[in-house]
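Down below is the structure, laid out as C-alpha cells.
Note that the coordinates shown come from a computational prediction; the quantities given were computed from them, not determined experimentally. Below, each value reflects all heavy atoms present in this structure, side chains not excepted, and no hydrogens, waters or symmetry copies.
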Amino acid sequence: MLLRAIRYDLKTGIFRKWFLYLAFGILMGAFAEKAYQWLNVFQLKGSALDVLLYLFKGNREFRKDELEGFEFPFPFMAIMTLVFFFFVYYVYKEWKERSSLTIPRFQDKSIWWISKCLMNVIHVLVLLVVSLLFVSLVAMLHGSYGLIYHSQVFELLEWQVLQVNQIWIYLGICMPVTVLALTQLELYLQLICSPVVGYVIILGLLLISTFYYSKWIPGDYLILNRTALMREGGITPLQILVVDGIIILVTLILGLWTMRKKECL
Amino acid sequence: MEIIVNDYTKTIKGATVLDHVNLKLHSGVCYGFKGKNGSGKTMLMRAISGLINPSSGYVKIGDKQLGKDLSFPESIGILLENPAFLDNYTGYANLKLLADIQGKIKEKEIKEALSAVGLDPEDKRKYKKYSLGMKQKLGIAAAVMEKPEIVILDEPINAIDEEGVVLVKKIIFEAKNRGAIVIVACHDKEELMELADEIVEISAGKIVEKKEAV
C-alpha cells in the first residue's frame with residue numbers, strides 16, 4: 001500500500017507540478033547566465049560547478065561594526081522562495097479537501113503521512129537534477145563542459161574553497177538534505193496550522209540566516225560561506241546532517257502522532 | 001456483514017454533535033438518514049467511515065472495531081459534501097487516480113461506473129468545466145466504482161437532474177442487491193422514502209426514531 005500511496009503522491013504532488021520544476025530550472029539558468037556575464041567581464045571561464053558554488057555562496061552575515069559590508073543575497077532568497085513554494089498547500093489541501101476520497105482507500109493515516117515524506121525525498125532529488133541540468137546547459141552555451149572547480153573565480157570574490165575534495169558533500173548531500181528537512185518541517189506545519197504559516201516560518205528562518213550566523217539555524221546550511229567549505233571553523237557536514245536528521249526524524253514522528261488524532265471534518 | 005454503532009458520542013469544542021448513538025446496520029439494506037441541517041447526519045456518516053474518532057463508544061465493522069482493529073472499513077465508498085477532484089483532470093482521469101490507490105479495479109470498471117451515473121467515459125472535458133450536477137455524479141461514481149461493501153452517500157441527488165436521479169436510484173438498488181450496506185442522507189423526504197428501506201431520524205446528535213420506510 002505504501003508504494004501505491006507514493007505513486008499517488010508522485011502523480012498529484014510532483015508530476016502535476018512540472019511547470020514549477022521548469023520555472024525552477026529557468027530561474028537557476030537565469031542566475032547562472034548572470035553569473036557568466038559577470039565572469040566574462042573578468043575574462044574568466046568558469047564551469048557549471050563554479051557557478052553553483054557562486055550561486056549558493058551566499059553572503060556574509062550582518063555585523064554591527066561592518067554596516068556597509070552586508071549585502072542582501074537576492075539570488076539565494078529568490079531560489080529558496082521558489083524551492084519552498086512547491087508544496088505550500090499540498091498537504092493542507094490533500095487533507096482538508098480530498099481526505100474523504102483518498103484516506104479510506106489508503107486504509108491507514110500513517111501511510112498517508114509517510115508517503116508525503118517519501119514524496120518529499122523524490123522532490124528534492126528532482127530539484128537537484130534540475131539545478132544541475134539547467135546550470136550545466138548554460139555552462140555549455142558558454143563553452144564550458146564538465147564539473148571542474150576553478151579557484152581563480154573565488155579568488156576574485158575574495159573567497160576560497162577550503163576543502164575542494166568535499167565540494168560535492170556540501171552541494172550534493174548537505175544542501176539537499178537541508179532542503180529535505182525544511183520542506184518536511186513545512187509539510188508538518190501544514191498539518192498543525194495553516195499552509196501560509198508554514199511557508200512564512202521557513203522563509204523567516206532563511207531570512208534570519210542571511211543576517212545571522214548560527215550553527216543551529218538550518219538556513220545557514222544552505223549558505224556555503226557559513227560552512228567549513230568556505231569558512232575556517234564553519235559548520236561541518238556532520239553538524240549539518242545531525243541537525244537535519246533530527247528535524248526529519250522529529251517531524252516524521254510528530255506527523256505520525258498528529259495523524260493518529262487528526263480527523264476528517 | 002453488520003455495522004454496530006455502540007453508545008457513540010462525539011464532542012467537538014464542547015458541543016456534542018453525536019450523543020450516545022446506538023445503531024445496527026445490515027447488509028443488503030438501504031438506510032435513509034433524516035434530520036435537519038446540523039442534526040448530526042453527516043457526522044454519523046463520518047463516524048461510520050472512521051473519519052472521526054469517538055469521544056466515547058465505538059463503531060464495529062463486522063467483528064472489527066474502528067480505531068482499534070482497523071483504521072477504516074476495508075471496503076467503503078463515500079460521497080460527503082463536495083468532494084474535491086483535481087480541476088485539470090478529466091472525470092475518468094480523476095477516478096483512475098483514485099482507483100489506482102487500491103488497484104482493485106481497472107479501466108473497464110471505471111468506465112462502467114461513469115456510464116452508470118450518466119457521464120461519458122470518453123468526455124475529454126476537464127473537471128473544472130463540469131456543471132454542479134456532473135460533479136455530483138462523478139462523486140457518486142467515485143463512491144461506487146469499486147463495488148464496496150459499505151456505500152455512504154450524503155445528499156446524492158443534490159443538483160442532479162431527473163434522469164440522473166433515476167440513475168442514482170438504480171445504483172443504490174444495485175448496491176443493495178449485491179449485499180452492500182447503503183446509507184443515504186437526503187433533504188427530500190419523499191425521495192428518501194423511495195430510496196431507503198429504513199429511515200433513521202436524527203435530531204441534535206441523537207437517534208430519535210428508526211422505522212421502516214413506507
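- Heavy atoms closer than 4.5 Å to chain A are found in the side chain of B:E146, but not in its backbone.
- Per-residue heavy-atom pair counts under 4.5 Å with chain A were compared for B:I76, B:L97, B:L70, B:N88, and the maximum is reached by B:L97.
- Within a 6.0 Å radius of OH in B:Y89, other residues, nucleotides and ligands contribute more than 12 heavy atoms.
- Closest of all the heavy-atom pairs between B:L98 and A:R105 is O-CD, 3.4 Å.
- Between chain A and the residues B:G103, B:G50, B:P148, the largest count of heavy-atom pairs under 4.5 Å involves B:G103.
- Other residues, nucleotides and ligands contribute only 12 or fewer heavy atoms inside 6.0 Å of the NZ atom of A:K93.
- Ranked by non-hydrogen atom pairs under 4.5 Å with chain B, the options A:K261, A:R260, A:R16 are led by A:R16.
- Rounding to the nearest 0.5 angstrom, the gap separating the OG atom in A:S100 from the CG atom in B:L79 is 8.0 Å.
- With a 4.5 Å cut-off on side-chain heavy atoms, B:F85 and A:L101 count as touching.
- For chain A, the nearby part of B:K10 is the side chain; its heavy atoms alone come within less than 4.5 Å.
- Within 6.0 Å of atom NZ in B:K169, more than 12 heavy atoms from other residues, nucleotides or ligands are found, so the atom counts as buried in its surroundings.
- Within 6.0 Å of NZ on A:K17 lie more than 12 heavy atoms contributed by other residues, nucleotides or ligands.
- Two residues are said to be in side-chain contact when any heavy atoms from C-beta on lie closer than 4.5 Å; A:M1 and B:I101 meet this criterion.
- Within 6.0 Å of NZ on A:K96 lie no more than 12 heavy atoms contributed by other residues, nucleotides or ligands.
- Within 6.0 Å of the CH2 atom in A:W257, the count of heavy atoms belonging to other residues, nucleotides or ligands does not exceed 12.
- Residue A:F56 places its CZ atom among more than 12 non-hydrogen atoms of other residues, nucleotides or ligands, all under 6.0 Å distant.
- With values rounded to the nearest 0.5 angstrom, B:S71 atom OG is found 8.5 Å from A:I111 atom CD1.
- Exactly one of A:R7, A:R4, A:K11 qualifies for a side-chain hydrogen bond (donor to acceptor under 3.5 Å, both in side chains) with B:D100. That residue is A:K11.
- Counting heavy-atom pairs closer than 4.5 Å to chain B, the top residue among A:P104, A:A5, A:S110 is A:P104.
- For chain B, the option among A:E97, A:Q107, A:K109 with the highest count of heavy-atom pairs below 4.5 Å is A:Q107.
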Residue pair B:N53, A:K262: steps toward the side chain to side chain contact (heavy atoms under 4.5 Å, CB included) verdict: CA-CA 8 Å; B:N53 306 318; A:K262 206 161 171 68; over 6 Å; no
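- Side-chain contact between B:L51 and A:E263: absent, with no pair of heavy atoms (C-beta onward) separated by less than 4.5 Å.
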